[in-house]
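Remarks on the structure that follows.
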Amino acid sequence: MKKRVIRAEEFEVLDAAGRVRLRIGLSNDESPFFSMLDAEGQVRARFGLSSDGSAGLAIGDENGKVRATLGLSTDGSASLAFGDRNGKIRAKFGLASDASPTLGAHVEGDEVSHRYTLADQGSPTLGLYDRAGRVRIRLGLAAEGFPILRLLDADGELRALVGLADDGSPLIQFMDERKQPTWTMR
């Protein structure tokens with residue numbers, strides 16, 4: 001059987017009443033998209049590629065507010081996010097660009113303000129981030145499995161830690177800007 005090709009800049013599928021229910025095309029920046037619309041003409045689901053190569057799926061409610069997204073960025077990060085009735089993202093789950101798992105929960109403002117991550121060595125870690133998106137506090141388990149609280153400066157450098165040492169004894173330590181211990185108590 002011979003294949004036939006239909007070419008167009010945009011395709012629309014109409015329902016029996018003549019309403020657009022499905023649209024396939026290119027956005028203003030020439031990125032491809034696939035949109036599904038409800039009977040009222042509201043886009044309820046849209047899958048597309050961005051000009052930077054990232055891909056995403058957005059699911060909206062009957063009022064046009066995006067309530068769920070699934071995305072893959074060009075930096076390797078992937079996310080699943082959920083929004084409230086106003087379209088504000090309230091929870092986000094995924095993988096950071098370094099492939100560490102993340103969980104975020106929105107508390108106030110417009111940004112996800114709490115993130116829970118898996119540290120580089122693979123141990124569970126809770127990270128609290130500042131407004132610029134930099135981790136400032138990490139609470140978790142050291143590679144050996146001992147609990148530890150790390151306090152980081154605005155550059156992400158470790159400045160203080162509280163936890164248990166390898167032998168199980170309590171440890172408090174402060175570091176200078178060169179990452180050298182200035183005070184240790186065991």
Side-chain angles (χ1 to χ4, degrees), residues 27-29 31 46 48-60 65-186:
S27 61
N28 291 338
D29 68 356
S31 300
R46 182 178 171 114
L49 299 178
S50 295
S51 58
D52 69 358
S54 58
L57 170 65
I59 301 172
K65 301 292 183 182
V66 174
R67 301 292 302 275
T69 63
L70 174 63
L72 178 61
S73 296
T74 55
D75 68 0
S77 62
S79 67
L80 174 63
F82 299 100
D84 63 16
R85 290 185 182 125
N86 297 314
K88 299 272 186 190
I89 298 298
R90 297 292 183 183
K92 190 172 185 178
F93 312 93
L95 292 176
S97 58
D98 66 358
S100 60
T102 63
L103 161 68
H106 178 83
V107 174
E108 60 183 88
D110 292 336
E111 299 294 322
V112 175
S113 56
H114 298 292
R115 296 182 195 163
Y116 309 88
T117 64
L118 196 62
D120 293 340
Q121 74 270 19
S123 61
T125 303
L126 165 67
L128 298 180
Y129 293 71
D130 63 18
R131 292 191 184 274
R134 294 178 301 247
V135 66
R136 300 302 301 272
I137 299 173
R138 287 194 189 274
L139 173 63
L141 299 176
E144 300 80 21
F146 292 102
I148 193 157
L149 173 68
R150 294 176 176 94
L151 304 177
L152 297 95
D153 65 18
D155 295 322
E157 298 298 328
L158 180 65
R159 298 306 301 267
L161 59 86
V162 177
L164 296 180
D166 305 15
D167 62 3
S169 63
L171 170 70
I172 300 174
Q173 191 170 58
F174 298 123
M175 270 66 86
D176 64 17
E177 58 279 348
R178 297 181 321 260
K179 303 180 196 175
Q180 298 302 309
T182 58
W183 186 82
T184 302
M185 184 172 142
R186 276 192 174 203

Discussion item. Quick check: closest heavy atoms across Ile137 and Leu149, and the distance to 0.1 Å?
Written reply: CG2-CD1, 3.5 Å
Discussion item. Once side-chain hydrogen bond (donor to acceptor under 3.5 Å, both in side chains) is applied, do any residues pair with Asp166, and if so which ones, sequence neighbours excluded?
Written reply: none
Worksheet entry | Side-chain touch Val66/Ile59, heavy atoms, less than 4.5 angstrom | no
Worksheet entry | Atom pair CG (Leu151) and CG (Leu158), whose distance is rounded to the nearest 0.5 Å | 8.0 Å
Discussion item. To check you understand the geometry: which heavy-atom pair defines the closest contact between Ala78 and Leu72, and what is its length?
Written reply: CB-CD1, 4.0 Å
Worksheet item: Leu171 and Leu161: side-chain contact (heavy atoms from CB on, under 4.5 Å), yes or no, with the steps?
Response: CA-CA 8 Å; Leu171 170 70; Leu161 59 86; 3.6 Å; yes
Fill in: Those residues that, when tested against Arg85, pass side-chain hydrogen bond (donor to acceptor under 3.5 Å, both in side chains) (two or more places apart)
none
Discussion item. Can you list everything that forms a side-chain hydrogen bond (donor to acceptor under 3.5 Å, both in side chains) with Asp167? Sequence neighbours excluded, please.
Written reply: Ser169
Fill in: Under the side-chain contact (heavy atoms from CB on, under 4.5 Å) test, residues paired with Ser79 that sit two or more places apart
Lys92
Discussion item. Any heavy-atom pair between the side chains of Lys179 and Arg159 that's under 4.5 Å?
Written reply: no
Response to the item:
Applying salt bridge (charged side-chain N to carboxylate O under 4.0 Å, His left out) to Arg178 and not counting sequence neighbours gives Asp176
Worksheet item: Listed by chain and number, what are the side-chain contact (heavy atoms from CB on, under 4.5 Å) partners of Ser27, not counting sequence neighbours?
Response: Asp29, Ser31, Phe33, Arg46
Discussion item. Within the 4.5 Å heavy-atom criterion, are Ser77 and Leu95 side-chain neighbours or not?
Written reply: no
Practice prompt. Could you pull out all residues at least two apart from Phe174 that satisfy side-chain contact (heavy atoms from CB on, under 4.5 Å)?
Written response: Ala160, Ile172, Thr182, Trp183
Discussion item. Holding to side-chain contact (heavy atoms from CB on, under 4.5 Å), I want the full list of residues that pass it with Ala55, two or more places apart in sequence or in another chain.
Written reply: Leu49
Item to complete: Nearest 0.5 Å please: distance from the OG1 atom of Thr69 over to the CG atom of Leu57.
Response: 8.5 Å
Worksheet item: Is there a donor-acceptor contact under 3.5 Å from the side chain of Arg67 to the main chain of Gly83?
Response: yes
Item to complete: Examine distances only and state if a side-chain atom of Arg136 and a backbone atom of Leu152 form a donor-acceptor pair shorter than 3.5 Å.
Response: yes
Response to the item:
Residues pairing under ring pair (Phe, Tyr, Trp, His ring centres under 6.0 Å) where one sits in residues 148-172, two or more places apart or in two chains, turn out to be none
Fill in: Separation of Leu141 CG from Ile148 CD1 (nearest 0.5 Å)
10.0 Å
Worksheet item: Residues two or more places apart in sequence or in another chain: which of them pass side-chain hydrogen bond (donor to acceptor under 3.5 Å, both in side chains) with Asp155?
Response: none
Worksheet item: Excluding sequence neighbours, so at least two apart, what forms salt bridge (charged side-chain N to carboxylate O under 4.0 Å, His left out) with Asp75?
Response: none
Practice prompt. Work out which heavy atom in Ser54 is nearest to a heavy atom in Ser73; give both atom names and the distance.
Written response: CB-CA, 3.7 Å
